[in-house]
Amino acid sequence: MDRKGKQKDRGRLADGIVFAAVLTAVSALTLMLFYRQTLGGVDSDMKAYILEMQGLESGYSFPYPVFFKLAALIHLFAPPEWSVAITVTLLNGLAMAVTKLALDHMVLPGLERGFRKRFGRNGTGVCCWLPRVLVSFLAFSLFFISMLYPPPGIYLPGIRFRYVGVFTANPFHNATFMAARPFAILAFLWYVKLLPVYEKGPGQWQGKVSLRNPDGPAGDGTDKKANPADYVLFSLFLFLATMTKPSFTLVLVSTAGLLMLYRLIRCGFRNFLPAVQLGLCFVPTFGALLYQYKGVFVPGEGQEGGIGFCLGDVWADYCDNIPLGIGLAIGFPLLVLVFNRKQCGKNTLFRFSWQMYLVSLAEAFFLYEKGFRKVDFNFSWGYMYGIFFCHLGALVVLLGQTGKLLEGKSCALGETPACKEKADGKRRLPGKTKFPGPDAVPGNGKASTRGADSIWISLQWLAYLAHLLCGLLYFKDLLLGGTYY
């Protein structure tokens, strides 16, 4: 093995050690939080979950057994409180590992190229381990970001609470949300993988469809065919997410249905058969949803049942300034969208994350459960999944931009005025370099353009760090016994 190969192996080893150490530390902290919730020291529904896990009457309906059956299995060897806490911790840790693997696949190669270009062409030393370790820490960070909120004593107009009415990508007080997330992430990623190619239909494997570039060189997936196994895996992951907590499923199914209907109409129903083939993946999930509907959307005595429509009435019960609340929840993704709006047409994951977020926002704003469940605002759980995946998509785009900035490539994700003139064979006049707009990306080799690109990217990273700082403080407050709201 040559020197570069040995350095890569050492980089993988260093990354593995760091990831295992951080995962152990994070799991210990989250286990402590979840265990305190089971004891009633922190606001949560853990007491009801423990009763449900033991097969006792909890006063609630939980027709999604994956979390409770796994906890019951662990209960064979541990007390009930520890069983539930360990189950949430294990599934939350699995979600972190899945996210790490996904980010490694999608953004690590570009980031490594950027580090080699910026810090050393031989790919030795820091270039072999730092990008991997950085991706590991960012994978963990996604599970600690929260809504933006000011220090105590500072009032934002119309914002009554830091969490309620604003919401977060990581509601630490809801165990079933945390437990369903590894399956939700896998289902999301596999649908993104299938989306650009499903119209080709499952058939003989041709080429490699990957999350790194699911759209293919032409940007439309025309040179790709989906592996039939991917259809099966997507169906399985979505079913498991549904049977752990269906909030994510309601959002993804709604978004996927709207997209598939749009494509059917746009192409004059010529893709009817491929749409049916993809639609079959949803059949197990639809069966699960019907089973859950029977146990959840039932009227109480003398009350209405089912789903009602409103204009933000339930949301307004908790927040007097909904637009500001929305901005506090998605400040970072919104900034990335402004600076990288062209990516919505090029990056399937980024585009679908925003499509799913908008559907989740609409469901939270327009829908509610009739009867005694109205005040619970349960459609906010799907909205929080939208927030999480919106952050994930934005982080992927920002890491791609950062790699390009380090690599010094031009016109990778957008076009600066200088790039356009270069492409047209024109010559720029001295002193006429224009300041690139927000869609400009790592630059044309000129210090002024690179400096501008650095400013745009730094602003986006600062927004992400603001969400992370608020999230770490939020987690610390919950761990010390503070209220989630």
Do Trp190 and Asp230 pair up side chain to side chain, a donor and an acceptor below 3.5 Å, judged on atom types alone?
yes
In the structure I gave you, are the side-chain heavy atoms of Ile330 and Trp354 within less than 4.5 Å of one another anywhere?
yes
Determine whether the aromatic ring centres of residues Phe188 and Phe389 are separated by less than 6.0 angstrom.
yes
Heavy-atom closest pair, residues Ala175 and Met46:
CB-CE, 3.8 Å
In terms of heavy-atom contacts, Gly382 and Ser360 come closest through O-CB, 3.4 Å
Any side-chain heavy-atom pair of Leu70 and Leu91 under 4.5 Å:
yes
I'd like to know if Lys100 and Asp15 make a salt bridge, using a cut-off of under 4.0 Å between side-chain N and carboxylate O.
yes
Nearest-0.5 Å distance that lies between atom CZ in Phe339 and atom CG in Leu398:
10.5 Å
Distance (rounded to the nearest 0.5 Å) between Leu334 CG and Gln460 CD:
11.5 Å
Asn170 side-chain N/O to Leu142 backbone N/O, donor-acceptor pair under 3.5 Å
yes
When rounded to the nearest 0.5 angstrom, what distance separates CZ in Phe183 from CG in Leu236?
9.0 Å
For the residue pair Phe234 and Leu194, establish whether any side-chain heavy-atom pair is separated by less than 4.5 Å.
yes
With side chains defined as the heavy atoms from C-beta onward, is the minimum distance between Leu108 and Pro131 less than 4.5 Å?
yes
Can you list the steps and then say if Phe161 with Val166 is a side chain to side chain contact (heavy atoms under 4.5 Å, CB included)?
CA-CA 8 Å; Phe161 311 99; Val166 178; over 6 Å; no
Report the C-alpha distance between Tyr49 and Phe62 in whole Å, list the side-chain angles of each, state the deciding distance to 0.1 Å, and finish with yes or no for ring pair (Phe, Tyr, Trp, His ring centres under 6.0 Å).
CA-CA 9 Å; Tyr49 295 158; Phe62 299 113; 5.3 Å; yes
About how many Å separate OG1 of Thr38 and CD1 of Ile50, when rounded to the nearest 0.5 Å?
5.0 Å
Is the ring centre of Phe167 less than 6.0 Å from the ring centre of Tyr163?
yes
What are the two closest heavy atoms between Ser146 and Cys470, and how far apart are they?
OG-C, 3.3 Å
Can you check side chain to side chain contact (heavy atoms under 4.5 Å, CB included) on Met356 and Leu259, steps first, answer last?
CA-CA 10 Å; Met356 200 168 74; Leu259 289 175; over 6 Å; no
Please verify the inter-ring angle class for Trp381 with Phe177; under 30° counts as parallel, over 60° as perpendicular, anything in between as tilted.
tilted
Tyr357 and Tyr383: side chain donor to acceptor below 3.5 Å
yes
Any donor and acceptor pair, going by atom type alone, linking the side chain of Gln37 with main-chain N or O of Phe172 inside 3.5 Å?
yes
For the residue pair Leu23 and Phe140, establish whether any side-chain heavy-atom pair is separated by less than 4.5 Å.
yes
Any salt bridge between Glu407 and Arg113, counting N to O under 4.0 Å?
yes
Throw together a table of side-chain donor-acceptor distances under 3.5 angstrom for residues 316-327, partners on residues two or more places apart or in other chains.
residue	atom	partner	partner atom	Å
Tyr318	OH	Val375	O	2.2
Asp320	OD1	Arg160	NH2	2.7
Asp320	OD2	Arg160	NE	3.2
Asn321	OD1	Leu324	N	3.2
Asn321	ND2	Pro157	O	3.0

Please determine whether side-chain hydrogen bond (donor to acceptor under 3.5 Å, both in side chains) holds for the pair Thr402 and Trp461, giving the CA-CA distance in whole Å, both sets of side-chain angles, and the decisive distance to 0.1 Å.
CA-CA 10 Å; Thr402 303; Trp461 279 117; 3.0 Å; yes
Are a donor atom and an acceptor atom from the side chains of Tyr464 and Ser141 found within less than 3.5 Å of each other?
yes
Run Val251 and Tyr385 through side chain to side chain contact (heavy atoms under 4.5 Å, CB included) and show every step you take.
CA-CA 8 Å; Val251 174; Tyr385 272 112; 5.5 Å; no
Apply side chain to side chain contact (heavy atoms under 4.5 Å, CB included) to residues Asp313 and Tyr368 and explain how you reach the verdict.
CA-CA 9 Å; Asp313 298 347; Tyr368 71 95; over 6 Å; no
Quick check: closest heavy atoms across Ala288 and Phe239, and the distance to 0.1 Å?
CB-CE1, 4.0 Å
Quick check: closest heavy atoms across Lys370 and Gly308, and the distance to 0.1 Å?
CE-CA, 3.7 Å
Work out which heavy atom in Leu349 is nearest to a heavy atom in Met106; give both atom names and the distance.
CD1-SD, 3.5 Å
For residues 475-485, run the donor-acceptor check on the side chains, cut-off 3.5 Å, and write out each pair with its distance to 0.1 Å, sequence neighbours left out.
residue	atom	partner	partner atom	Å
Asp477	OD2	Arg162	NH1	3.1
Asp477	OD2	Arg162	NH2	2.6

Examine distances only and state if a side-chain atom of Tyr155 and a backbone atom of Gly158 form a donor-acceptor pair shorter than 3.5 Å.
yes
Could you tell me whether Tyr262 atom OH has more than 12 heavy atoms of other residues or ligands within 6.0 Å of it?
no
Has His467 got a side-chain atom pairing as donor or acceptor with Ile145's backbone, closer than 3.5 angstrom?
no
Quick test of your reading of the model: are Glu112 and Arg132 salt-bridged, counting only N-O distances below 4.0 Å?
yes
Using atom types as modelled, flag every donor-acceptor pair under 3.5 Å from a side chain in residues 243-250 to any protein atom, sequence neighbours excluded.
residue	atom	partner	partner atom	Å
Thr244	OG1	Leu240	O	2.7
Lys245	NZ	Thr176	OG1	3.2
Thr249	OG1	Thr242	OG1	2.7

Do the side chain of Ser353 and the main chain of Phe350 share a donor and acceptor less than 3.5 angstrom apart?
yes
Any donor-acceptor pair under 3.5 Å from Arg341 side chain to Val338 backbone:
yes
Classify the ring geometry between Tyr191 and Phe282 as parallel (under 30°), tilted (30 to 60°) or perpendicular (over 60°).
perpendicular
Within-4.5 Å side-chain heavy-atom neighbours: Val253 and Phe286:
yes
Any side-chain heavy-atom pair of Ile86 and Tyr35 under 4.5 Å
no
Enter the distance from Leu395:CG to Leu103:CG here, rounded to the nearest 0.5 Å.
6.0 Å
Can you tell me how far apart NZ (Lys193) and CG (Leu186) are? Round to the nearest 0.5 Å.
11.5 Å
How about Ile159 and Tyr149: do any of their side-chain heavy atoms sit closer than 4.5 Å?
no
